[in-house]
K.L.:
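There's a structure below that I have some questions on.
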2 protein chains.
Amino acid sequence: MADVNIRGASSPVSTAVAGAPGPAWDLIELLFFAYRDFVGDADAVLAEFGFGRAHHRVLHFVHRNPGIKVADLLDILKITKQSLGRVLKQLVDEGYVIQKEGEIDRRQRLLYVTGKGKDLALKLANLQTERIARALAHAGPQVRESACRFLSAMVDADSRDQVLRMIAR
Amino acid sequence: MADVNIRGASSPVSTAVAGAPGPAWDLIELLFFAYRDFVGDADAVLAEFGFGRAHHRVLHFVHRNPGIKVADLLDILKITKQSLGRVLKQLVDEGYVIQKEGEIDRRQRLLYVTGKGKDLALKLANLQTERIARALAHAGPQVRESACRFLSAMVDADSRDQVLRMIAR
DNA sequence: TATTTACGTCAGCCATATTGACATATTTTG
DNA sequence: CAAAATATGTCAATATGGCTGACGTAAATA
């Protein structure tokens, strides 16, 4: 079970790379199932706090980018300011996130997590990290680097550098 | 740019595996961004047909599992029959999916894609395969196997065998 | 025959996304 | 300085895709 035979690089379906296509069913479906279970971990915890996945995403990126501008957060999440507005307001009202006026540009509302916000962000990140650690233990830790390379190459070329810069901190 | 330095296996953050944790920020965020852009590809096409992501998922799994029972589809998607009902009805009404009475058990409504359904399913899968092919070309095709191993290990242990069996066809 | 199963459906609710319009404060530019 | 552009917030309406709970029907099974 440890070395599962998921069409290795030599199997017919994986020739998508080489140019004799046929859809890459394996990666298409693995991405679906892996992501489904990956985001599922946090749901139970979020429910206790009366939050949903949208709150998680906002909290996560504010935690990871202290002092981020609203506009930049919108760009990361690729949602509208109206959609962000609602969840952000809840996070602020309940004391998980604070907004500070920008010192240079006072139109900006720079976002920071509070102590409470940090605690929740870390609690959720630790849950997800546990799944990742189990996965690496199971698949062999040497797959880590390749998995990172593959996933970063899956990001739109436009945003890839920005994403890698954020991660590299 | 081809070999991006995303914290290799020796960097401090990646010690999550070894037991000196700290959240695995890199993989957490790469999964988010990779999936965001991966599912985004299909959206424009789906909009032309008046469908959404829910229709895509149903169409995909019916296409890949001809004759699947409603109950099994629910199990894969992890949604309720009421949620499935709405999108499935649209796909049936508009001629992308057909339901056949089971021959052995006539209570079952076995699901199949029509020609039209197959065309759309393949159109969407090809879009996603193109992104995967570009990613593999960029990251180096040798990462494919590791990426598959990692992603399958990320799936819940409960459903992993079932998922791998589906993919292995 | 009685029960269970597979599926469908009605009704209502919730979370999260959208578009479009408009308001306010502040910075930048001509 | 006045005008324009920018950063953000907000109101209103709408769509999508989840959910629970209740109920119905046909067919298989005990």
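What's counted below: heavy atoms across the whole structure, side chains too, no hydrogens, waters or symmetry copies. Lettering follows sequence order; numbering is per chain, from 1. Please read these numbers as outputs of a predicted model, since none were measured by experiment.
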K.L.:
Look at all strands and tell whether B:I104 reaches a base, only sugar-phosphate, or nothing, counting heavy atoms closer than 4.0 Å.
P.N.:
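The residue B:I104 makes sugar-phosphate contact but no base contact.
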K.L.:
Compare the minimum distances between each of C:dT19, C:dA6, C:dC7 and the side chain of A:Q82, then state the nucleotide with the smallest one.
P.N.:
C:dT19
K.L.:
Output the single nucleotide from C:dG8, D:dG9, C:dT27 whose closest atom is nearest the side chain of B:Q99.
P.N.:
C:dG8
K.L.:
Between A:Q90 and B:L84, who's closer to the 5' end of DNA chain C by nearest nucleotide?
P.N.:
B:L84
K.L.:
Which comes earlier along DNA chain C counting from the 5' end, the contact point of A:F51 or that of A:R107, where each point is its nearest nucleotide?
P.N.:
A:F51
K.L.:
Over all strands shown, is B:G85 touching base, sugar-phosphate only, or nothing at heavy-atom distances under 4.0 angstrom?
P.N.:
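It contacts nothing in the nucleic acid.
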K.L.:
Does this structure show an ion pair linking B:D156 with A:R131, if we count only N-O contacts that are shorter than 4.0 Å?
P.N.:
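Yes, charged N to carboxylate O under 4.0 Å.
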K.L.:
Categorize B:L77 for me: base, sugar-phosphate, or nothing, with a 4.0 angstrom heavy-atom threshold over every strand shown.
P.N.:
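No contact.
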K.L.:
Assess whether a salt bridge exists between B:R144 and A:D26, defined as any Lys/Arg side-chain N lying under 4.0 Å from an Asp/Glu carboxylate O.
P.N.:
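Yes, charged N to carboxylate O under 4.0 Å.
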K.L.:
Ring centres of B:F38 and A:F150 under 6.0 Å apart?
P.N.:
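No: the rings miss the under 6.0 Å criterion.
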K.L.:
Just how far, in rounded Å, is P of D:dA22 from NZ of B:K81?
P.N.:
13 Å
K.L.:
Taking side-chain contact (heavy atoms from CB on, under 4.5 Å) as the criterion, tell me which of B:L74, B:D72, B:I68 meets it with B:V70.
P.N.:
B:L74
K.L.:
Base, sugar-phosphate, or nothing: which does B:R86 touch, judged by heavy atoms less than 4.0 Å apart?
P.N.:
base
K.L.:
Find the distance B:D43:CG to D:dT16:P and express it as a whole number of Å.
P.N.:
13 Å
